[in-house]
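See below for the structure under consideration.
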There are 2 protein chains.
Amino acid sequence: MNLRELQYLVAVDEHRHFHKAAAACFVSQPTLSGQLKKLEQELGVQLVERNTRQVVMSAAGREVADQARLILAEVKMLKEIAQQHANPLAGSLHIGLIPTIGPYLLPHVMAALRRALPELKIWLHEYQTAVLLERLRQGELDVLVLALPVETGDLVVHDLYREPFRLAVERNDPLSRQAAVTLGDIQDANLLLLEEGHCLRDHVLDVCLAAGAGRKTDFHASSLETLRHMVGEGMGMTLMPELAVPEKVRRNELIRYVPFVEPKPTRRVAMVWRKNSHRQQAFEAVANTIRESLPVRVYF
Amino acid sequence: MNLRELQYLVAVDEHRHFHKAAAACFVSQPTLSGQLKKLEQELGVQLVERNTRQVVMSAAGREVADQARLILAEVKMLKEIAQQHANPLAGSLHIGLIPTIGPYLLPHVMAALRRALPELKIWLHEYQTAVLLERLRQGELDVLVLALPVETGDLVVHDLYREPFRLAVERNDPLSRQAAVTLGDIQDANLLLLEEGHCLRDHVLDVCLAAGAGRKTDFHASSLETLRHMVGEGMGMTLMPELAVPEKVRRNELIRYVPFVEPKPTRRVAMVWRKNSHRQQAFEAVANTIRESLPVRVYF
DNA sequence: TATACTGATAGATAATATCTATCATTTGGA
DNA sequence: TCCAAATGATAGATATTATCTATCAGTATA
């Protein structure tokens, strides 16, 4: 049985005339007659009673034709589902971002993404790096925005930008009065860190290593905002990604975000997607829009 | 697009392995791979992202596979509908009967029909002859039981039985005391008739013509039961089909059903069906069962 | 009686599904 | 590190099916 046979049967039901039904299906009358006969043989039941006056649908033929109509409608629906997906700059795009990037990057770029890719329905998912990678591999997510390095295996890595860190200190800290700090300045610093699982923790630890093993507190924060509050309470200092730094310094701000001298410590932010994905066109469009929308404080 | 391609896609979704999916579909792996590729080309969207580690369904692939599953289930349903119709002694059979036959014939034969054809679901429809013939031609009814003659055109006419009439008279009528009556006895009789549309009316009129123009009242009854009541009220007499005559005469019965002498006036009862119908086997089975179940008071 | 119309059949052709053989790439085990 | 196994893809050949045109048989109409 195939869909063409069902189309022929529905056409015969509607036209009650083999020649007209064949014309409606864009085939010859013997083709339609033969295919209909084949369908009847396969189903083991007569669907159409023919004579030279009028084609009569049997009871079976009417019920089967009704069911065939249903099936053909569902097939049309399947094609519509595919059509929706076929335009890579249309349809759904599931983006995963790590929590130290998402809330600070998106406000800069969402408006531009909506303008540049109006037919794309962007779904945002925020998880830590390991979870993101697993869901990407499973196909639940289409593309990730995260900080390198990670174990990407055969995934495609597409650089986005390089983001410098600033030193976040309590406003009464002596370092807050410097125009810029060096890694040496944090050699003996009490640094606050994110909890295990956040790659930012590893990045900050890498910077500490470069600075000569700065002292680290045992208290861990679950988010950058929690870190921020702890710094404001004078519990220690931390490295803050540039996009997480407020653009306007308020008069009673508890925290000073002091830049480093060059070469500043930075983290690489990249998009990652599966090598076999055919939506590379969409991913590159998203990457270009993000780069064009970033403030000049981050590098390419 | 065809149903096999949908089966292949669903199999790949379930197995996440081209070789296993191909085996499940009883085709070779290159066949499945090629057909899936053809489907993707036709739909214009990638459904499956392949690599040598694990097959990943794209978002489009998952949605299309879900829809394909739905379609394949509906196709199964269509085959079940056909299967139900394929056994001619099973499934539904729509029988049309005229009102002067149905209520009097069916009590004699329904039990036997149920025993003889247990898988047949008999639907009964009661209309006058013209309506029955139209619905038969339109395919709404499969077979008719009616009295001849009718304009059957190219329909198949299959004799069932010949049903004699009795003379129904009020019990105080002098004719009620005769063992049998002749057509001459009703020559001056006041005969009651069914209304227009009932072929029994025409049959009774034919008998009157044979008897020599018996007088006829202008009042018409809509059913045999109404006729019966009118006879009981002494309004006149009528011809009653044999099967409409109660088998037991009650002591206070108002009506006497007096038989005619031979050759008795009769009507031919037949089954009628469309020449092209392929359920002749079922119709003949029904006819045989009816004939075997009739009381001996009717002829073949 | 002849022509037109209907659906069916036959043989030829076009299109498609499926096969086997083999390829390219990746992975795992020795 | 090398070789074999496993994966999905491609190529060419074959089998199967869909469709064509020509024509048939039966019916209806002018």
Side-chain angles (χ1 to χ4, degrees), chain A residues 1-43 46-58 61 137 139 151-156 274-278, chain B residues 1-43 46-58 61 137 139 151-156 274-278:
Chain A
M1 178 188 306
N2 63 38
L3 297 173
R4 287 288 272 167
E5 290 167 341
L6 301 188
Q7 286 171 352
Y8 298 159
L9 176 65
V10 168
V12 166
D13 189 17
E14 282 167 7
H15 292 89
R16 299 304 171 93
H17 190 283
F18 275 56
H19 286 250
K20 291 176 180 175
C25 296
F26 306 103
V27 294
S28 65
Q29 174 267 322
T31 294
L32 186 141
S33 177
Q35 291 291 74
L36 213 47
K37 181 160 196 165
K38 184 161 83 58
L39 180 61
E40 284 176 322
Q41 280 167 345
E42 179 180 339
L43 293 178
Q46 187 188 13
L47 303 173
V48 182
E49 295 171 23
R50 312 114 152 111
N51 56 43
T52 53
R53 185 189 298 108
Q54 187 188 32
V55 170
V56 173
M57 301 297 291
S58 67
R137 291 199 171 93
E151 289 297 315
T152 51
D154 59 336
L155 299 172
V156 173
R274 290 183 302 273
K275 189 172 65 181
N276 305 95
S277 176
H278 275 33
Chain B
M1 177 189 310
N2 63 39
L3 297 171
R4 286 288 273 170
E5 291 168 338
L6 301 187
Q7 285 170 354
Y8 297 158
L9 177 66
V10 167
V12 166
D13 189 19
E14 284 168 8
H15 292 88
R16 299 304 171 94
H17 190 283
F18 274 57
H19 286 251
K20 290 175 181 174
C25 295
F26 306 102
V27 295
S28 66
Q29 174 269 321
T31 294
L32 186 140
S33 177
Q35 290 292 75
L36 213 45
K37 183 161 195 163
K38 184 160 83 58
L39 180 60
E40 284 175 322
Q41 281 166 345
E42 179 180 337
L43 294 177
Q46 187 187 13
L47 303 173
V48 181
E49 295 172 22
R50 309 108 153 118
N51 55 43
T52 52
R53 184 190 297 110
Q54 187 188 33
V55 170
V56 173
M57 302 297 292
S58 68
R137 289 200 173 90
E151 289 297 315
T152 51
D154 58 339
L155 299 172
V156 174
R274 291 183 303 273
K275 188 172 67 181
N276 305 96
S277 176
H278 275 34

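Order of the sequence lines fixes the chain letters, A, B, ..., with proteins taken first and strands second; residue numbering starts at 1 for each chain. Small disclaimer: the values here were computed from a predicted structure and weren't measured. Every heavy atom of this structure was used, including side-chain atoms; hydrogens, water molecules and symmetry mates were not.
In this structure, S28(A) reaches the dC20(D) phosphate: one of its side-chain N or O atoms is under 4.0 Å from OP1 or OP2. Remark: K37(B) is in phosphate contact with dT10(D), judged by side-chain N or O atoms under 4.0 Å from OP1 or OP2. Look at R4(A) and you won't find any side-chain N or O under 4.0 angstrom from OP1 or OP2 of dT17(D). Between H17(A) and dT6(C) there is a side-chain N or O to OP1 or OP2 distance below 4.0 Å. The shortest distance between the side-chain N/O atoms of K38(A) and the OP1/OP2 oxygens of dA18(D) is below 4.0 Å. Contact between the side-chain N/O atoms of R50(A) and the OP1/OP2 oxygens of dG26(D) is not found at any separation under 4.0 Å. In this model, the phosphate group of dT16(C) is not approached by any side-chain N or O of N2(B) to a distance below 4.0 Å at OP1 or OP2.
Mapping S33(B) and Y8(A) onto DNA chain D by nearest heavy atom places S33(B) at the nucleotide closer to the 5' end. Ranked by how close their nearest DNA chain D nucleotide is to the 5' end, F26(A) and P30(B) are led by P30(B).
The CG atom of L32(B) sits 14 Å away from the P atom of dT7(D) (whole-angstrom rounding). The NZ atom of K20(A) sits 12 Å away from the C1' atom of dT6(C) (whole-angstrom rounding). Rounded to a whole Å, the CZ atom of R16(B) is 16 Å from the C1' atom of dG8(D). As a whole-Å value, the separation of Q29(B) CD from dT22(C) P is 16 Å. Atom CD in E42(B) sits about 9 Å away from atom P in dA17(C), given to the nearest Å. In this entry the distance linking CD of Q35(A) with C1' of dT16(C) reads 13 Å, nearest Å. A straight line from CG of L36(B) to C1' of dT7(D) spans 15 Å, rounded to a whole angstrom. As rounded to whole Å, 10 Å separates atom P of dT25(C) from atom NZ of K275(A).
The listed nucleotides are dC20(D), dT27(D), dA8(C); the one nearest the side chain of V27(A) is dC20(D). The side chain of F18(A) lies closest to dG7(C), out of dA9(D), dG7(C), dC19(C).
Within the 4.5 Å cutoff, the side chain of L43(B) has heavy atoms near those of the M1(B) side chain. No side-chain heavy atom of L32(B) sits less than 4.5 Å from a side-chain heavy atom of Q7(B).
Between the side chain of Q29(A) and the main chain of H19(A), no donor-acceptor pair closer than 3.5 Å is present. Although no hydrogens or angles enter the test, the distance criterion places no donor-acceptor pair under 3.5 Å between the side chain of T152(A) and the main chain of L155(A).
More than 12 non-hydrogen atoms from other residues, nucleotides or ligands lie less than 6.0 angstrom from NZ of K38(A).
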